[in-house]
**Q** 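Mind having a look at this structure? Questions to follow.
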Number of protein chains: 2
Amino acid sequence: MAIIFSKKCEYGIQGVLYLALKGIGTVTPVEEIAEHLQIPREFISKILQELTSKKIIGSKKGKNGGFFLAKSPAKIKLYDIVIAIDGDAIFGQCVLGFPNCSGDYPCPVHDNWSKLIKETYAMLNAQTLDQFKDKVSLKIQNLGAKKKNVKVRPAN
Amino acid sequence: MAIIFSKKCEYGIQGVLYLALKGIGTVTPVEEIAEHLQIPREFISKILQELTSKKIIGSKKGKNGGFFLAKSPAKIKLYDIVIAIDGDAIFGQCVLGFPNCSGDYPCPVHDNWSKLIKETYAMLNAQTLDQFKDKVSLKIQNLGAKKKNVKVRPAN
DNA sequence: TTTTAATCAGACAATATTATCTGATTATAA
DNA sequence: TTATAATCAGATAATATTGTCTGATTAAAA
Ligand code: SF4
Ligand code: SF4
């Protein structure tokens with residue numbers, strides 16, 4: 001189970017990150033992306049189409065076609081991708097699921113949580129793709145066949 | 001869509017919180033809980049059964065039966081409920097969905113995210129039910145009929 | 001101009017999550 | 001002891017998410 005972003009969103013981020021590694025303007029067929037990231041081809045295809053229609057990436061049809069980064073990695077924020085796919089729901093809901101709570105008399109979770117959400121928001125807004133390229137390239141290079149075996153935790 | 005906890009988990013927290021308001025040992029039929037929290041009766045019933053089997057609450061069968069808080073609200077942490085229902089997956093996965101990343105060469109998200117997750121973990125561990133009772137009681141009192149109408153955000 | 005290789009659109013299928021139904025069991029109270 | 005009101009167990013149904021298929025369209029290259 002995905003944690004805070006939907007699987008679509010995770011895949012979307014991975015896909016765009018992959019395009020960023022190839023450099024701006026380099027056209028890459030979805031086949032290659034799917035293969036390398038081990039994501040179902042038709043699924044990542046749909047996702048990239050969605051991101052194309054939202055102008056985050058671009059696409060080229062026909063032979064030698066594919067997807068490409070439409071603008072500089074420095075201008076694409078994680079936030080853009082998340083909003084494009086998952087919307088902004090995570091930023092405005094009660095984490096305990098109370099649908100009609102105003103937060104006027106905040107419960108103990110409220111302040112903590114809204115702080116966390118604000119920090120997440122800030123992080124997504126601050127992180128642009130260019131800041132990832134070097135660090136993530138290793139991970140992406142190594143994906144290939146082993147994707148489904150190992151699972152390691154991000155926390156520390 | 002629920003944000004970080006599953007709907008089951010949100011409902012579980014709400015249900016146990018409701019029991020906490022009724023006071024330790026007070027037996028409450030699931031009908032009343034479902035009615036008040038506007039949660040499908042059979043669904044919250046299943047969830048409370050699960051929490052019963054995990055010893056977080058207790059149940060009494062037969063006429064005048066129902067569910068009740070098995071121990072002092074001061075001894076029940078949000079963490080217990082979350083783990084019982086959703087497990088600990090959220091604390092050990094890459095938020096970007098890379099399944100084989102070790103975090104040895106952390107990407108820019110990694111440090112930020114693991115910090116957030118640690119804070120969430122700490123919060124869930126620190127917050128016990130007794131700390132909620134007063135603040136949440138108002139909200140729960142007011143639920144009744146209006147549950148499905150208003151939606152207000154927690155983030156400030 | 002025809003073949004080829006790609007996106008794209010829309011329907012369809014599988015799976016996971018959420019919700020409901022049926023009936024058995026249990027314990028209280030009349 | 002019988003009627004009643006509850007949990008509980010397991011099957012089933014509805015919905016949302018994830019994943020697949022088919023074929024149309026597009027553009028490059030043979
Ligand atoms: S005060 Fe508590 S219950 Fe209300 S919106 Fe904030 S987190 Fe949710
Ligand atoms: S370093 Fe980045 S990609 Fe790797 S586990 Fe951490 S957050 Fe995920």
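All of these numbers come straight from a predicted model, not from anything done at the bench. Throughout, protein chains are lettered first and strands after them, A, B, ... in sequence-line order, and every chain is numbered starting at 1.
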**Q** Decide whether B:Ser45 and B:Gln49 meet the rule of one side-chain donor and one side-chain acceptor closer than 3.5 Å.
**A**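 The criterion, which ignores hydrogens and geometry beyond distance, is satisfied for B:Gln49 and B:Ser45.
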**Q** Can you give me the N/O atom pairs linking the protein to nucleotides 26-30 of chain D at distances under 3.5 Å, or say none if there are none?
**A**
{"from": "D:dT26", "atom 1": "O2", "to": "A:Gly62", "atom 2": "N", "distance (Å)": "3.2"}
{"from": "D:dA27", "atom 1": "N3", "to": "A:Lys63", "atom 2": "N", "distance (Å)": "3.4"}
{"from": "D:dA28", "atom 1": "O3'", "to": "A:Asn64", "atom 2": "ND2", "distance (Å)": "3.1"}
{"from": "D:dA29", "atom 1": "OP1", "to": "A:Asn64", "atom 2": "ND2", "distance (Å)": "3.2"}

**Q** Could you tell me which non-hydrogen atom of A:Phe68 sits nearest to which non-hydrogen atom of A:Thr26, and how far apart they are?
**A**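 Scanning both residues completely, I find the closest heavy atoms to be CB-O, 3.3 Å.
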**Q** Determine whether a donor-acceptor pair (one donor, one acceptor, N or O, separation below 3.5 Å) exists between the side chain of A:Lys46 and the base of C:dG10.
**A**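 When only heavy-atom distances are counted, A:Lys46 does reach the base of C:dG10 through a donor-acceptor pair under 3.5 Å.
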**Q** Heavy atoms from C-beta onward define the side chain here; which of C:dC8, D:dT7, C:dC21 lies closest to that of A:Phe67?
**A** C:dC8
**Q** Show the nearest heavy-atom pair for residues A:Ile24 and A:Ser72, with the distance to one decimal.
**A**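 The pair with the smallest heavy-atom distance is CD1-N, 3.4 Å.
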**Q** Would you kindly give the CD-to-C1' distance between B:Glu50 and D:dT7, to the nearest whole Å?
**A**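 In whole Å, D:dT7 C1' lies 15 Å from B:Glu50 CD.
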**Q** Using whole Å, what does the distance between atom C1' of nucleotide D:dT18 and atom CZ of A:Arg41 come to?
**A** 18 Å
**Q** Grab the CG-C1' distance between B:Leu51 and D:dC8 for me, whole Å please.
**A**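 B:Leu51 atom CG is separated from D:dC8 atom C1' by 14 Å.
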**Q** Could you check how far CD1 of B:Ile44 sits from P of D:dT7, rounded to whole Å?
**A** 11 Å
**Q** Given atom CD1 of A:Ile57 and atom C1' of C:dC8, what is their separation to the nearest angstrom?
**A**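 Distance, rounded to whole Å: 13 Å.
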**Q** Is the shortest side-chain N/O distance from B:Ser59 to OP1 or OP2 of D:dC8 below 4.0 Å?
**A** yes
**Q** Of all the nucleotides listed (D:dC8, C:dT7, C:dT18), which has the minimum atom distance to the side chain of A:Val30?
**A**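 Closest of the options to the side chain of A:Val30: C:dT7.
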**Q** Can you check the A:Glu31 CD to C:dA6 P distance for me, whole Å?
**A** 8 Å
**Q** Of all the choices, C:dT18, D:dG19, C:dA6, which nucleotide is nearest to the side chain of A:Pro29 once you look at every atom?
**A** C:dA6
**Q** Regarding B:Lys46 and B:Glu42, does a basic nitrogen lie under 4.0 Å from an acidic carboxylate oxygen?
**A**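 No, B:Lys46 and B:Glu42 are not salt-bridged.
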**Q** Roughly how many Å is it from CZ in B:Phe43 to P in C:dC21, rounded to a whole number?
**A**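 Taking CZ of B:Phe43 and P of C:dC21, I get 14 Å after rounding.
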**Q** Side-chain N or O of A:Tyr11 less than 4.0 angstrom from OP1 or OP2 on D:dG19?
**A** yes
**Q** In terms of relative ring orientation, are B:Phe91 and B:Tyr121 parallel, tilted or perpendicular, with 30° and 60° separating the classes?
**A**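 B:Phe91 vs B:Tyr121 ring planes: perpendicular.
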**Q** Evaluate the ring planes of A:His36 and A:Tyr18, with Trp represented by its six-membered ring, and classify them as parallel (under 30°), tilted (30 to 60°) or perpendicular (over 60°).
**A**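 A:His36 and A:Tyr18: tilted rings.
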**Q** Expressed in angstrom and rounded to an integer, what is the separation of A:Ile47 atom CD1 from D:dT20 atom P?
**A**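 From A:Ile47 CD1 to D:dT20 P: 12 Å.
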**Q** Using the salt bridge (Lys or Arg N to Asp or Glu O under 4.0 Å) criterion, which residues pair with B:Glu32? Sequence neighbours excluded.
**A** B:Lys22
